[in-house]
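As structure tokens, the structure follows; a few thoughts come after it.
Sequence lines set the chain letters: A, B, ... in the order given, protein chains first and strands last, and positions in each chain run from 1. None of these values were measured; they are calculated from a predicted model.
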Amino acid sequence: MSGAERLTAGEAAVRLSAGTLTAERLVRDCLKRAQARAEVRAWAWLDPEQALAQARAVDRDGRPGLLKGVPVGVKDVIDTVDMPTQHGSPIYRGHRPFADAACVALIRAAGGVILGKTVTTEFANRHPRETVHPHNPQHTPGGSSSGSAAAVADFQVPVGLGTQTGGSTIRPAAFCGVIGYKPSFGEFSRVGIKMQCHNLDTLGVICRSLEDVALMRGVLLAQDPHPVDRRSAAPRIGFCRTPAWDHADPDTQALLERTASRLAAAGATMRDVAVTPNDILDHHRRIFQFEAARNYAYEYEMHGDKLSAALRDGLLTAGRTLPLSAYVDAIETAEAFRCNLDDLFCELDVLLAPSAVGEAPEGLASTGDARFNAIWTLAWTPCVTLPAGTGRKGLPLGIQLVGPRFRDEALLDSAAWVEARLQ
Amino acid sequence: MPSVEPNRLPATTLLQLIHDGELTAEAVVESCLARIAERDPVVRAWSHLASEEALARARELDKSGRKNLLHGVPFGLKDIFDTADMPTTYGSPIYVGCRPAADASAGALPRAAGGILLGKTVTTEFANRHPGPTTNPHDPNFSPGGSSSGSAAAVADFMVPLAIGTQTGGSVIRPAAYCGVVGFKPSFGLFPPAGMRINTETLDTVGIMARSVYDIALFRAAMTAIPHEPPAMPETTPRLGLCRGPHWDDAQPEGRAVLEAAADRLAAAGAGIREAELPPECAEADEVQRTLGSFEGLRNHMPELYRHEALLSLELREEKIAQGRRLSLDEFRRGCRNAERARAAAQVWAAGFDAILTLPAPGQAPRGLASTGSAVFNAVWTQLWMPCLTLPAGKGPNDLPVGIQLVGRRQGDARLLEVGLWVESRLDQESRP
């Protein structure tokens with residue numbers, strides 16, 4: 001017997017405003033689901049009484065709010081004043097920040113309930129933690145926003161916050177079969193989010209409807225939401241296989257080809273496009289290594305023994321030895337790349353690209369490959385992944401839509417057009 | 001033992017003396033602490049002083065054989081940066097009692113290089129305008145500038161040879177100029193921002209202060225975690241673009257006089273000096289600066305607005321945050337795009353010079369502590385993400401320091417320091433009797 005936990009944030013908000021649903025009931029149903037499905041291990045911190053107390057306070061408080069009574073899961077690299085923030089690392093075991101992150105305060109100010117903290121890989125990097133794929137516990141849910149993707153997919157919470165430096169929001173959302181959204185770089189505040197790479201880190205949203213993306217944009221930007229237009233004209237789509245195409249599984253390649261044909265048949269203008277330079281992923285890697293090695297200076301210098309070998313030796317030591325000139329070259333190449341994309345988008349509304357290599361890999365040792373995401377993180381462009389069927393193992397596959405920078409609303413409109421034609 | 005008290009020596013000299021066994025790190029720290037004890041009741045540069053911990057660290061370093069880049073050199077850190085072992089207030093009463101879990105990278109990297117963190121230096125409220133208690137070390141009736149008030153005053157007053165600040169408008173270059181020290185703001189993003197309280201992400205830049213260009217170069221290497229290559233004196237005289245800028249009429253007479261005199265002296269020493277007007281793409285820089293700061297400011301201050309609004313200063317609430325409420329997302333986006341176009345144009349424009357020569361501030365420091373001065377001579381360079389260096393170059397009517405500013409091409413930081421070395425040497429020669 002399912003309850004309110006199946007509602008999207010937008011559906012719940014309507015019922016909450018109309019008085020046909022209370023925040024307490026909604027939060028209780030989400031908690032019940034989370035407890036029944038504890039084996040997913042999506043939560044780094046979940047205190048039912050604390051969540052219910054917030055819900056009751058919202059029910060008592062008559063003030064309107066965009067998110068009034070809606071529970072949100074917060075990735076554990078994001079500061080919360082009333083819950084531990086442990087960054088997926090033993091270095092921060094039990095750490096309680098002095099203040100909320102800006103995004104958390106914005107959610108609270110909109111009447112949202114912070115349900116709990118969702119599992120992150122170690123410092124939003126690769127070293128995985130305990131979360132399993134909600135459809136098959138033998139598989140990874142993806143990372144680094146593992147818990148947010150798994151919890152949203154499993155109906156434990158309607159919305160989760162993620163972050164993306166390589167592919168940490170889009171990839172787990174695609175693996176878990178939900179919607180993942182990374183905004184234009186620079187729009188969402190990063191106050192109180194653990195800094196990994198200042199030129200890459202982007203706060204994102206994981207949810208189950210495009211309307212919820214628009215709602216969360218309103219909340220996180222402290223603006224009136226811009227509703228998704230579900231009657232927009234057929235978009236001009238660039239089919240971008242990306243320089244990483246050969247790494248995509250046959251399932252993924254077939255899905256993308258099929259989708260491109262179907263959307264063209266449905267009236268979209270479709271043409272193949274390439275992005276340049278071809279070695280753009282190398283430049284992402286250099287920026288990632290150089291900046292992470294310096295932004296994690298405290299952890300590297302003072303607590304190196306508590307870092308995973310993959311992070312310490314693979315990323316941070318590599319970043320320390322990368323010459324400044326190689327980093328500067330990558331920064332300049334990235335800027336030229338963004339200009340190329342601006343030009344490309346003069347004639348296109350959206351790019352169609354893979355969300356990931358394929359289905360979620362088996363086992364929990366690796367959270368998967370970020371190469372189909374890192375390109376767009378470096379590009380600072382808004383991205384959304386939509387669920388688009390399943391692969392050979394019956395696990396979800398996604399398609400990714402990429403829009404021009406600072407035109408996130410138009411991207412969501414195009415995504416709604418595409419979504420309606422995927423069924 | 002050197003004849004000069006260690007606290008007066010530059011970092012590069014301290015390192016040599018420690019290396020040669022002429023001086024211990026402990027003696028250096030003791031000397032700095034003695035100066036602070038004597039002078040800080042008036043200068044009030046420090047929001048927290050970790051004397052015992054610094055001495056203990058110095059003794060530890062004296063015992064260890066390993067000599068890192070900053071071995072035994074004391075430094076100060078603006079209280080906008082997190083420290084695991086010291087209070088961190090961001091200049092706001094809201095954060096009294098806050099002890100972060102980790103050091104900001106701007107503290108962790110120099111510490112790992114053997115630097116000794118003496119304490120936290122005073123910042124204005126969240127690195128904005130509302131001033132702290134710091135006074136100008138040359139005359140306590142005048143402002144030290146801000147927002148990196150304590151760092152500039154401490155370096156100028158020989159309390160510490162090196163200190164760290166941040167610049168969103170003019171918060172490194174201006175206080176450095178007002179206090180008569182060397183200030184350096186690198187190209188955007190080159191010093192790691194982790195653990196710095198964000199003001200405006202598209203503008204915030206970590207910067208450093210010292211009393212010589214050589215010390216800036218040394219500290220830059222530690223802050224970037226790159227090998228240190230001391231800047232070489234240029235073999236050819238530099239081509240300088242004299243940029244009076246759109247605010248020339250807002251400059252004080254002493255500011256204009258010092259810049260013109262410096263240009264004349266440098267020309268006499270062989271520099272090529274050409275007039276340089278900013279490209280037209282930069283025309284809206286002041287408006288863009290306000291838009292970016294206010295739009296981000298409202299969202300970035302949501303943790304404080306949600307729980308402690310009354311503890312924010314009235315000026316922060318009524319200016320920046322109120323303006324942030326009036327701005328639309330589209331205005332913010334246009335501001336971001338405008339700044340990007342200006343950066344691209346400036347990068348082409350600046351290629352014609354080895355450095356731009358311009359004002360770091362309107363003139364000498366303002367009287368009183370109510371205002372830390374105007375950032376109109378800094379904001380455009382911050383927004384353009386270009387590296388900036390200020391050098392002391394003269395005196396104002398109250399015998400207070402007046403500086404000049406050199407601006408380099410973006411990512412041309414090492415070249416800017418070489419030009420700075422040349423300019424510094426020529427200004428020094430001329431100012432000696």
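Of the atoms belonging to A:Asp342, it is side-chain heavy atoms, and not backbone ones, that fall under 4.5 Å from chain B. Neither the backbone nor the side chain of A:Val104 comes within less than 4.5 Å of any heavy atom of chain B. Residue contact with chain B, scored on non-hydrogen atoms closer than 4.5 Å, is absent for A:Arg96. At a 4.5 Å heavy-atom cutoff, A:Tyr300 makes no contact with chain B through either its backbone or its side chain.
Annotation: maximal heavy-atom pairing with chain B below 4.5 Å, among A:Ile331, A:Asp224, A:Thr321, A:Asp100, occurs at A:Asp100. For chain B, the option among A:Arg190, A:Gln196, A:Lys194 with the highest count of heavy-atom pairs below 4.5 Å is A:Arg190. With chain A as the partner, the residue from B:Ala108, B:Pro227, B:Ala112, B:Ala102 showing the most heavy-atom pairs under 4.5 Å is B:Ala102. Between chain A and the residues B:Glu201, B:Arg343, B:Glu296, the largest count of heavy-atom pairs under 4.5 Å involves B:Glu201.
Using a 4.0 Å cut-off between charged side-chain N and carboxylate O, B:Arg409 and A:Glu332 make no salt bridge. A salt bridge is defined here as a Lys NZ or Arg NE, NH1 or NH2 lying under 4.0 Å from an Asp or Glu carboxylate O, and A:Glu187 with B:Arg299 fails to meet this definition.
Using cut-offs of 30° and 60° on the angle between ring planes, the pair B:Phe332 and A:Phe406 is perpendicular.
Between A:Arg217 and B:Leu329, some side-chain heavy-atom pair lies under the 4.5 Å cut-off.
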Taking it one step at a time, do A:Arg108 and B:Arg307 satisfy side-chain contact (heavy atoms from CB on, under 4.5 Å)? CA-CA 10 Å; A:Arg108 294 193 205 269; B:Arg307 288 179 195 273; 3.3 Å; yes
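Atoms CZ and CG, from B:Arg333 and A:Asp408 in turn, are 5.5 Å apart once rounded to the nearest 0.5 Å.
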